Amino acid sequence: MSSYSITEPSKRQKWFAGSLVIFYAVVTLMPLLWIIATGFKSPSDAIAYPPKVLFQPTLEGYVNLFTTRTRATPEMLVQAGEPKTWYDRIVRQYDMVIAGPSRYGERFMNSVIIGFGSTFFAIVLGTAAAYAFSRFRIPLKDDLLFFILSTRMMPPIAVAIPIFLMFRQLGLSDTHLGMILLYTAINLSLSVWLIHGFINEIPVEYEEAALIDGYTRFQAFYKVVLPQATTGIASTAIFCLIFAWNEYALAALLTSGTAQTAPPFIPTIIGNGGQDWPAVAAGATIFLVPVMVFTILLRKNLLRGITFGAVRK
Amino acid sequence: MSPTQFERAAKATPPMLAQKIRGLSDRAIAWIFVAPTIFLLLAINIFPLIWTIRLSFTNFRVNRPNADVQFVGLENYRRILSDADIWLTMQTTAHFLIWTIFLQVLIGFSLAYLINKKFRGNDLWTTIIVFPMMLSPAVVGNFWTFLYQPQIGLFNYVVGFLTHTDPSSFSMIGDVNLAPWAIVIVDTWMWTPFVMLICLAGLRSIPSSIYEAAECDRASKWRQFWTITLPMVLPFLMLAVLFRGIENFKMFDLVVQLTGGGPGSITELTSINLKREAFEKWRTGYSSAYAVILFVTVFGLASIYVKALNKVKER
């Protein structure tokens, strides 16, 4: 039910604006679609000139991503017999046999462990701190909040120098625990600021009513405030997860063997002479698509998240 | 953030309500809730920062742990500030900052303006446009080197097709003249949606009654844009510039994967330069001083900017 408004754009204006925006969206999406498409190309299709839009899809990139292969001599091939599985068959086209799994699975799992671990701690600590900042009188509250935010202004490389030394001393370098602690500390600025905003929006009267009804402060916090802040906390959690998931600089400098995450690993996937683009694209696809799904889930609180709560829609 | 009604109400309530009933005092709970966060930030942010400042006055090198560490005073700072190469990386960073912010504001604002015409399905397209910004810059940056390949790269092919040049005749990341623009293009592709979202929030915050009043006064659309739309979006736009400025001053992952600072050191931004000093040449003391200078610069510029932003908001 909308009444006629003189400020409402005309049909023609809408059509014009819409087509320009859709044009931009299609152009901006091209590189991402190209990543997904390249993952399903054969190595020769991937580097064809002119670039191929239509091609015979193959899972070669994915097989190459998850396995290591060795070139087999004709005798070895005879000895190995007929390829037993579909991925054996793909590899056999190139006279190769699968030697074992690649490190991608491990790296991906590291991303999952470190991402979820750091998100969990950032949310638990951040929610508690945000509640306190929102509901209690804390000395130097504004300064503390600003101090928490300012930790985000440091260039990651500048942070990495002392962290590198400290982790070496404490035996935390290249460990999951070290990376989880580090990402928790970085994400705390985001979680405290965002959740602080969300809790501020919950009327304090609910808690007061609960307190008068005989709840303790603690009970009022988790039975009254937390349920109302769930959506906000969930969006904050997704933002923390995306940050930890995407982080590259610190992961590249502080991890190498055991705790390396996927972002520093994906660019190092190489094939014969240079990067194996279908495998790189396959790795990137598996890594990026979850974030796209999360972006769709987040769309209502997107702006709030990326501006640390400075802009609310 | 101005205090809301509820905050004022909260302040007016007797603070010791909980204690009167039972359980821990509010003050104890406040400290239990805040302490872990402060402790972790002290351990992982502040302690290392102090350590960095201390190291910046020494000639310590990580790869020579047994050499004796000497206190060199302000020598590291003097050397950095008088080093021509570092001023060159500062210039590179400035070029990158100015152009990315200019392009992102221009395109981002235009897109927000168009989306605000509320055509059908604008929410869906907004979400699609936002995708690049949420992805891992290192992974995406690495893939862009593929798009930028002469001949086989999609980017070169499309540009070659549109300008009728041979797609193998230019190399975006291999050419000294093109590489600075290669990183500007990818950063703009990635972060324009960020500026767009903030501008969109600004545009949507303008009440339509203002336009209606202007329409009644027979103000032209052009006039309305310059006297209503732009001034009212300006605080939002400035906020977007602040965020992009800080982020791009720190820029590392995207560019290191795209060009690695090359060819030569044409695209060597300060963060990449710092990484070379700290983790390739292992000049720890020197690079600590460098890190402190960068932090002070970012913090100083941001503080000045926030003051200006608040002035604009007050108007």
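Given the structure is predicted, the values throughout are model-derived calculations rather than measurements. We name chains A, B, ... by the order of the sequence lines, and we start the count at 1 in each one.
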Given a strict heavy-atom distance threshold of 4.5 Å, which part of [X] is in contact with chain A: side chain, backbone, both, or neither?
X: B/Val256; result: side chain
X: B/Ile50; result: neither
X: B/Ile272; result: neither
X: B/Leu254; result: neither
X: B/Trp189; result: both
X: B/Phe39; result: neither
X: B/Gln151; result: both
X: B/Ile107; result: side chain
X: B/Met133; result: side chain
X: B/Val140; result: side chain
X: B/Asn122; result: neither
X: B/Leu239; result: side chain

Tell me, for [X] versus chain B, whether the close heavy atoms (under 4.5 Å) come from the side chain, the backbone, both or neither.
X: A/Ile296; value: both
X: A/Ala122; value: neither
X: A/Thr38; value: side chain
X: A/Phe146; value: side chain
X: A/Phe147; value: side chain
X: A/Val124; value: neither
X: A/Ile306; value: both
X: A/Ile148; value: both
X: A/Ile35; value: both
X: A/Pro290; value: neither
X: A/Pro9; value: side chain
X: A/Phe221; value: side chain
X: A/Phe164; value: side chain
X: A/Ala48; value: backbone

If we only count heavy atoms from C-beta on, is the [X] to [Y] side-chain gap below 4.5 Å?
X: B/Pro132; Y: A/Thr28; result: yes
X: A/Gln275; Y: B/Asn142; result: yes
X: B/Thr270; Y: A/Ile157; result: no
X: B/Phe146; Y: A/Ile47; result: yes
X: B/Val62; Y: A/Ile161; result: no
X: B/Pro137; Y: A/Tyr248; result: no
X: A/Leu250; Y: B/Phe252; result: no
X: B/Met134; Y: A/Leu298; result: yes

One option among A/Leu20, A/Ile163, A/Val280, A/Leu253 has the most heavy-atom pairs under 4.5 Å with chain B, and it is A/Leu253
Contact leader toward chain B among A/Leu181, A/Val27, A/Leu144, A/Asp142, where contacts are heavy-atom pairs under 4.5 Å: A/Leu181
Straight-line distance of A/Arg12 CZ to B/Lys117 NZ, nearest 0.5 Å: 12.5 Å
Once you round to the nearest 0.5 Å, how far does CZ of A/Arg152 lie from CD1 of B/Ile246? 11.5 Å
B/Phe119 to A/Lys14 - nearest heavy-atom pair and separation: CB-O, 3.5 Å
Quick one: sort the A/Tyr49 and B/Tyr157 rings into parallel, tilted or perpendicular, breaks at 30° and 60°. perpendicular
If you take the centroid of each ring, where Trp contributes its six-membered ring, are A/Phe136 and B/Phe33 closer together than 6.0 Å? no
Walk me through it: do B/Leu135 and A/Phe287 pass the test side chain to side chain contact (heavy atoms under 4.5 Å, CB included)? CA-CA 9 Å; B/Leu135 304 176; A/Phe287 190 73; over 6 Å; no
